[in-house]
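The structure appears below as C-alpha cells.
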Amino acid sequence: VAQAALDVALFSGEYGTERLFERALAMTGRARVEDLRHGRLEEAGRAAVAAAAVLLRDRSPMFSHVAPNGVAGLSDLLIEHLGLDLLIVDPVQSLAVGRMSRDEELATAILQLKSLAVRRQCVVLVVCHLAAPVRDRADPRPTLGDLGIMGALAHHADVVLGLFREEQYQASNDVDGAAEVHVLKSRDGALGYADLFFYKRWLRFEDMVEPNR
C-alpha cells in the first residue's frame, strides 16, 4: 500500500517498531530475518536488503506498537494524521485493556473501529487470531464462526478474509508452502478462494499464477 503512494499505518501488539522494520526489510528484500539480524547475508542478499531499505525510506508505512489505551489511542492517531488511507491493527486482541470481559471489550472495540473508519474515511484492516480450535476437525480451514468475539467481526466487517496454511496441520513435503486465502464475507462481492504460496524463510505470501474461482 505504501509503495502505491498511499498513507498507511500499522499498529502491532506483538512487535516493537524496530522489529517491525526488520521484518519489513526481510519480506521486501526476500531475506531471512535471522540472517538479517545476525549479519549473515551474502552479497546478493545485502544488495537486495539495501534496495529494500531505500524503498522503505522513500515510501514506508508508519510502524508503531499498539497504544495501551485501545481504540482511543488509534482515534488520536487518525486525528493527528488526517488523510491516512489505511490503518492496520495486528492483532485486534491487543486492544483489550481489561475494563470488562475480554470478549465484551473486543466486541466493543470492533464496533468503535467500524465507527472510526466511517468517521475518518479510512480503511481499517484488523488481524484476528482464531478463537475456536480447528486442528482436530475434518476441515481446519477458517470459518466466520471461528473468529469468536461474540460474532462482532462477522457482523460489522465489510470483508472477512481467512488465511489457511496446510502445512500447519499436516507434515508433508507435498504441501510445503501451500496456502489459501478465503473470502468468508463480502458485502458487495462474491465468496471464494485463491491459492497462495508462503515462503517461510521470507515470511511472505505470494500469489500463485492461476488463482481458483
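The first residue of the sequence shown is numbered 1, and numbering continues consecutively from there. Quantities reported herein were computed from a predicted structural model and do not represent experimental measurements.
- Checked against ring pair (Phe, Tyr, Trp, His ring centres under 6.0 Å), Phe205 has the following partners two or more places apart in sequence or in another chain: Phe198.
- Pairing each heavy atom of Leu55 with each of Thr28, the nearest pair is CD2-CG2, 3.9 Å.
- In this structure His156 satisfies the ring pair (Phe, Tyr, Trp, His ring centres under 6.0 Å) test with no other residue, sequence neighbours excluded.
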Run the numbers on Leu196 and Leu163 for side-chain contact (heavy atoms from CB on, under 4.5 Å), then give the verdict. CA-CA 9 Å; Leu196 302 174; Leu163 280 172; 3.9 Å; yes
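- The aromatic ring centroids of Phe164 and Tyr169 lie less than 6.0 Å from each other.
- Remark: Glu166 does not engage Arg141 in a salt bridge, criterion side-chain N to carboxylate O under 4.0 Å.
- By the salt bridge (charged side-chain N to carboxylate O under 4.0 Å, His left out) test, Arg59 pairs with no residue at all, sequence neighbours left out.
- Looking only at distances, a side-chain donor or acceptor of Asp85 sits under 3.5 Å from a matching main-chain atom of Asp7.
- In this structure, the side chain of Asp146 engages the main chain of Thr143 through a donor-acceptor pair within 3.5 Å.
- Among all heavy-atom pairs drawn from Trp202 and Arg30, the shortest one is NE1-O, 2.9 Å.
- With respect to the salt-bridge test (charged N to carboxylate O, under 4.0 angstrom), the residues Lys200 and Glu167 qualify.
- Nearest approach of Gly29 to Ala52, heavy atoms of both residues: N-CB, 3.7 Å.
- The existence of a salt bridge linking Glu22 and Arg37 is confirmed by a sub-4.0 Å separation between a basic side-chain nitrogen and an acidic carboxylate oxygen.
- With hydrogens and angles disregarded, no donor-acceptor distance shorter than 3.5 Å links the side chain of Arg204 to the backbone of Phe197.
- Under a 3.5 Å cut-off, the side chain of Arg32 and the backbone N or O of Arg201 do not form any donor-acceptor pair.
- Residue Gln121 places its CD atom among 12 or fewer non-hydrogen atoms of other residues, nucleotides or ligands, all under 6.0 Å distant.
- A continuous path of Ile, Leu, Val, Met, Phe, Trp and Tyr side chains, each step under 4.5 Å between heavy atoms, connects Leu116 with Val92, placing both in one hydrophobic cluster.
- The side-chain tip of Arg23 points at the ring of Tyr15 from less than 6.0 angstrom away and within 45° of straight on.
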